Amino acid sequence: ASVALWAVGTTGAIDLPAEYWFPNGSTRPWFFNPFCWQLIFFTGFSFMSGWLPAPPVRPGLLVVAGAVVLLTVPFAWSGFIREFEFLQSWRKDWSFLYDKTHFGLLRYVHFLSLAYLAWVAVGPQGARLRGSAPWTQFVAVVSRVGTQSLAVFMTSMVLARLLGVLLDLGGRGFFNTTAVNLFGAALITAVAYFVSYLKREPWRSKPVAAAAMRVDMRAPMMTAEKMPT
């Protein structure tokens, strides 16, 4: 169903209007069509749920994944595209393969290749990510942001506009750009920890623990009442 929804979405038949309520006659669709991009999220969900088996670690697959990542660079990097006319012609003729709005097939292949290389690099159960305290703490923060990717993504869509205003007002030099990006990273990290806190619902565990304590305190009294005099 997920693949079928993606396939239909790539045709543009189920685009959502981005400016439907604006009186300017715009027909611009959502830049990221959710009916198409759901495929990448559902793929990750399927792996984590065990519906899809983990791929084997083989040299041949590593070579193929690495080749996909490297060979796509000339077709995606503006520096190459500007210099070579045949790249511009290829992108024009085959734009549906890398279309960002409808999540073109090559984008999916590129993502799977990167994910496979990263999965192999971290080792079984992320063994190579473990180490000394600073590194372990850094990995824990990154993992927390990753586990709350939907909330982080939705927040960053708004922050991108607001932080862009800061750059427009303060300039886009090296210092300002670095400071604004670090500020944005700190904000989305805070959002990830806050959402994680809400999902744990710590306020629900306190009444249960208190009730259990009251039962434990009453148990000896109930036993003493039943003892013969």
Side-chain angles (χ1 to χ4, degrees), residues 1-11 13-14 16 30-72 76 96-133 135-157 185 188-205 208-209:
S2 177
V3 173
L5 183 61
W6 166 81
V8 174
T10 58
T11 66
I14 50 177
L16 297 176
W30 281 23
F31 188 70
F32 292 102
N33 187 316
F35 302 118
C36 299
W37 280 86
Q38 53 79 26
L39 179 63
I40 195 172
F41 293 99
F42 195 77
T43 300
F45 180 81
S46 299
F47 275 117
M48 293 302 297
S49 299
W51 299 348
L52 295 176
V57 180
R58 295 176 181 172
L61 288 177
L62 287 171
V63 171
V64 171
V68 169
V69 173
L70 293 177
L71 291 176
T72 54
F96 66 93
L97 289 176
Y98 63 88
D99 181 18
K100 184 176 291 187
T101 294
H102 301 104
F103 193 46
L105 180 61
L106 283 183
R107 291 190 178 274
Y108 188 52
V109 174
H110 184 264
F111 166 77
L112 292 178
S113 300
L114 277 177
Y116 180 72
L117 293 175
W119 178 70
V120 174
V122 300
Q125 303 296 323
R128 297 191 184 96
L129 294 178
R130 304 185 185 98
S132 57
W135 172 248
T136 303
Q137 293 171 355
F138 173 75
V139 171
V141 172
V142 175
S143 299
R144 181 62 59 88
V145 174
T147 55
Q148 306 301 333
S149 57
L150 181 58
V152 168
F153 172 73
M154 296 299 294
T155 302
S156 64
M157 293 292 287
I188 62 175
T189 301
V191 167
Y193 274 86
F194 179 65
V195 173
S196 179
Y197 168 80
L198 294 179
K199 288 183 176 181
R200 289 199 305 269
E201 298 183 343
W203 55 87
R204 290 183 177 271
S205 60
V208 174

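In what follows, every heavy atom counts, from backbone to side chain, and hydrogens, waters and symmetry copies are set aside. Small disclaimer: the values here were computed from a predicted structure and weren't measured.
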Legend entry - Any residue meeting side chain to side chain contact (heavy atoms under 4.5 Å, CB included) with T189, in chain and number order, not counting sequence neighbours: V141, V145, Y193
Legend entry - Partners meeting side chain to side chain contact (heavy atoms under 4.5 Å, CB included) with F138 (sequence neighbours left out): W135, V142
Which donor-acceptor pairs under 3.5 Å do side chains of residues 45-54 form with protein atoms, sequence neighbours excluded?
residue	atom	partner	partner atom	Å
S46	OG	F42	O	2.7
S49	OG	F45	O	2.8

Nearest heavy-atom neighbours spanning [X] and [Y]:
| X | Y | answer |
| --- | --- | --- |
| V195 | Q148 | CG1-OE1, 3.4 Å |
| T10 | C36 | N-SG, 3.6 Å |
| T72 | V69 | OG1-O, 2.9 Å |
| S156 | I188 | CB-CG2, 4.4 Å |

Inset, instruction - Tell me, please, which residues at least two apart from Y98 pass ring-ring contact (aromatic ring centres under 6.0 Å, His included). - result: none
Legend entry - For F153, ring-ring contact (aromatic ring centres under 6.0 Å, His included) partners two or more places apart: none
Legend entry - Heavy-atom donor-acceptor pair, T101 side chain to F31 backbone, under 3.5 Å: yes
Inset, instruction - With sequence neighbours left out, write down each residue that passes side chain to side chain donor-acceptor pair (under 3.5 Å) with H102, or none if nothing qualifies. - result: D15, D99
Legend entry - Residue list, side chain to side chain donor-acceptor pair (under 3.5 Å) with S2, at least two apart or on another chain: Q38
Compile the donor-acceptor pairs under 3.5 Å between side chains in residues 112-125 and protein atoms, sequence neighbours left out, one pair per line.
residue	atom	partner	partner atom	Å
S113	OG	V109	O	2.9
Y116	OH	P56	O	2.7
Y116	OH	R58	N	3.3

Inset, instruction - Provide the full list of salt bridge (Lys or Arg N to Asp or Glu O under 4.0 Å) pairs with a residue in residues 192-202, sequence neighbours left out, each pair given once. - result: E201-R204
